[in-house]
Amino acid sequence: MNSISKAFSLAKKEGRPALLTYTVAGDNSKKNSLKILKSISKYADICELGFPHNTPIADGGQIQTSSYRAIKNGTKIQDVFKIVKDFKSSKFSKPVILMGYFNIILQYGQNKFLNDCKKNKIDGLIIVDLPWPENKKFASKCRKKAICFVQLISPTTSKRRLNSIVKDSHNMIYYISMLSTTGGKLKVSPKKIIYNYKKIKRINPRKNCVIGFGITEKTISSLKSADGLVVGSVICKEITSSLNKRQNPVTKVSNMVKKLKNKIL
Amino acid sequence: MKLKKKISVIDQHDKFGFWGGKFGGNFVPETLKKPINDLELLFNKLKKDKKFLNERDNYFKNWVGAPTRFIKLSNLTEHVGGAEIWSKVVSDANGGAHKIYNATVHCLLAKKSGKRIICGDTGAGYAGKMLSMAAKKFGLKCKIFMGAKDIKRQQPNVKAIKSNGAEIVPVYSGSQTLVDAVSECMRFWVANCDTTAMCVGSTVGPNIFVKICGWSTSQISRELKIQILDEFGKIPRRLKLYNCVGGGSSSFGFWNEFMDYDKKQVEFIGVEAGGPSKSKKHAAPLTYGSKIGILHGAAQYVNQNLEGQIEETESISAGLDYPGVSPLHCFLKDSKRARYTAASDEDALKAFKIVTKYESIRPSLEPSHAFSVAISESKKLSKDTIVIVNSCGDAQKDRKILKKKLGIKL
Ligand SMILES: Cc1ncc(COP(=O)(O)O)c(C=O)c1O
């Protein structure tokens, strides 16, 4: 079993959803983003790490702010790999899923990117603007390297697409809870979200399906029945607000993730 | 890379939406797959529907005002002393620029799809102004995304948008210009695509938006072809069509009907924005050999750094101030059907001065870029060459910049 599947089965054994965090590599500095990973990995099961892009067409304000901050700090793709490498060699490391936009990979070179992912022990990839079926070729390259290509599903995904996407998916699927960019307020009832989530699970119960978008300390416990829950924007927002208040982003974020974890135990 | 004849260029893409196998496509979040697919089905059906075509033609004729004038610039021709210089005065169109064609078609499509709200991006403010006009005409609520820098420099159009009852959303991210406005508009659509239609203001964005826009602005060359035949009795042996290129909607529309002619007979010259002559920044990805990348859902030549971050642009004309360019133009460039070059801010200002000194037309800063190259090349061309410049926007919106830079009061 690979590390991502292991993380899910461990959470399942504990009778809770897996907790997935999203932070942007290099936010608020290269050093701090590594420190944040190391400290939240005590509570998180899988760490998603964004590689920043300056024209993100699906991200809301909080993640944009984090991305711009990281780019301004000079975070390059090599730094992203370095952060993962250092994190992976630390004591409490967790599976890492890189998340970002396809142009960055295209410019780096698809094969080189995947080789470097492998070398730095990256476990999975989420490419926001490479939907199915356009992603078939790239996803199969990932599979050959045993890197999980995470397919995204949204409330607008048609039934026919849904079946094909689940069939082509690897061992993790990401369900976008509502029509929104990241960071939007949850505008759909948790009941409705779980209803849609179950539709995906029914197609293939063995695929781990996580729910993301709009998940905060307030909403997280209402979605507990999912395989996994992703929290991103509120973490990025916490970094921003701790900087504004001259507080330490590492401890602030770590406390927040601890609280999030307690809500789903 | 080769263009096919007798097939409209907008339809010469593969099943993934790529022209020439590599330009365009649909690099979009999963959420947009369905609304894009719905729009494709609707557009592909309606563009073959006689009733819909009649409806479009009626609006173009009676509301937009077709045809726009095709006039000889006799004084300018004499001053330059080379080719015969003509202009297609597209700024005659209702609202003062070519953006009205795309806006009208998108509002018609939105109505047919039952959407009640339409959102759009704008740089120079013309795409926003026209969308707000058309939305008002068709009873749609309208939301316009515009960079904060552009709001400052294109006030007359901002006022027009507001007076049509549309909401303007200022965009403060990045360079606060068109590129950021398009991003923010797309984000808004991601979150609201169940109730809202989106109009992309140029031949950019995911495949279907490129197609709808190019199909709409092609009205320009449909009119022009008839006007040329009326004037000359045939397509002249040496014809050169000059047009500024931002996203590329007016130039594509200006050329489309002439695609199948040999380029030795009908040459297309696209003029991009070279930016201030002292600055390294520009908005001319085709001229300066930018690499292929992805911007706003489509693969295209785009100004970017080695890492794939989109680079900031600089141009005196807000309408051309965009780091990417239509996949259609990438295709026309690589298939060698069109030639691309750039004019600097200073060139454009100088051309504006010359044109307005000799003629009664008043091209905005965007077409002034095209005039600049047309004038300098015309000098060296034979007297039997016909040069036509698309004067696709009126300078009223640039009042403030022209006053500051040239001391000219409009
Ligand atoms: C008058 C005018 N010309 C040209 C352009 C550039 O756009 P495009 O290349 O799509 O015609 C604009 C864009 O705002 C414009 O307002």
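Quick caveat: nothing in here was measured; it's all calculated off a predicted structure. The sequence lines fix the lettering, A, B, ..., with proteins before strands; numbering per chain opens at 1.
- A heavy-atom distance below 4.5 Å is found between the side chains of A:F81 and A:I122.
- At least one donor-acceptor pair under 3.5 Å links the side chain of A:S154 to the backbone N or O of A:T156.
- Taking the six-membered ring for Trp and the full ring otherwise, B:W189 and B:F209 have centroids separated by under 6.0 Å.
- Using a cutoff of 4.0 Å between basic side-chain nitrogens and carboxylate oxygens, B:R153 and B:D321 are scored as salt-bridged.
- Put simply, of A:I127, A:T157, A:N135, A:T65, the one with the most heavy-atom pairs under 4.5 Å next to chain B is A:T157.
- A cation-pi arrangement is found for A:K112 relative to A:Y108, the charged atom lying closer than 6.0 Å to the ring centre and inside a 45° cone about the ring normal.
- Residue contact with chain B, scored on non-hydrogen atoms closer than 4.5 Å, involves the side chain of A:I176 exclusively.
- No donor-acceptor pair closer than 3.5 Å links the side chain of A:H53 to the backbone N or O of A:S67.
- Going from atom NE2 of B:H282 over to atom CD of B:E311 covers 7.5 Å, rounded to the nearest 0.5 Å.
- A cation-pi arrangement, defined by a distance under 6.0 Å to the six-membered ring centre and an angle within 45 degrees of its axis, is present between B:K333 and B:Y301.
- A distance-only check finds a donor-acceptor pair linking the side chain of A:D79 to the backbone of A:K76 [under 3.5 Å].
- Residue A:D59 touches chain B through its backbone alone, counting heavy-atom pairs closer than 4.5 Å.
- In terms of non-hydrogen atom pairs under 4.5 Å with chain B, the most contact-rich of A:I105, A:D129, A:T181 is A:D129.
- Within the 4.5 angstrom heavy-atom criterion, only side-chain atoms of A:L106, from C-beta onward, approach chain B.
- Chain A is approached within less than 4.5 Å, heavy atom to heavy atom, by B:N26, B:F27, B:V28, B:P29, B:E30, B:T31, B:K33, B:K34 from residues 26-35 of chain B, ordered by number.
- Looking at A:P155, there are no atoms closer than 4.5 Å to chain B (heavy atoms on both sides), in backbone or side chain.
- For chain A, the nearby part of B:L306 is the backbone; its heavy atoms alone come within less than 4.5 Å.
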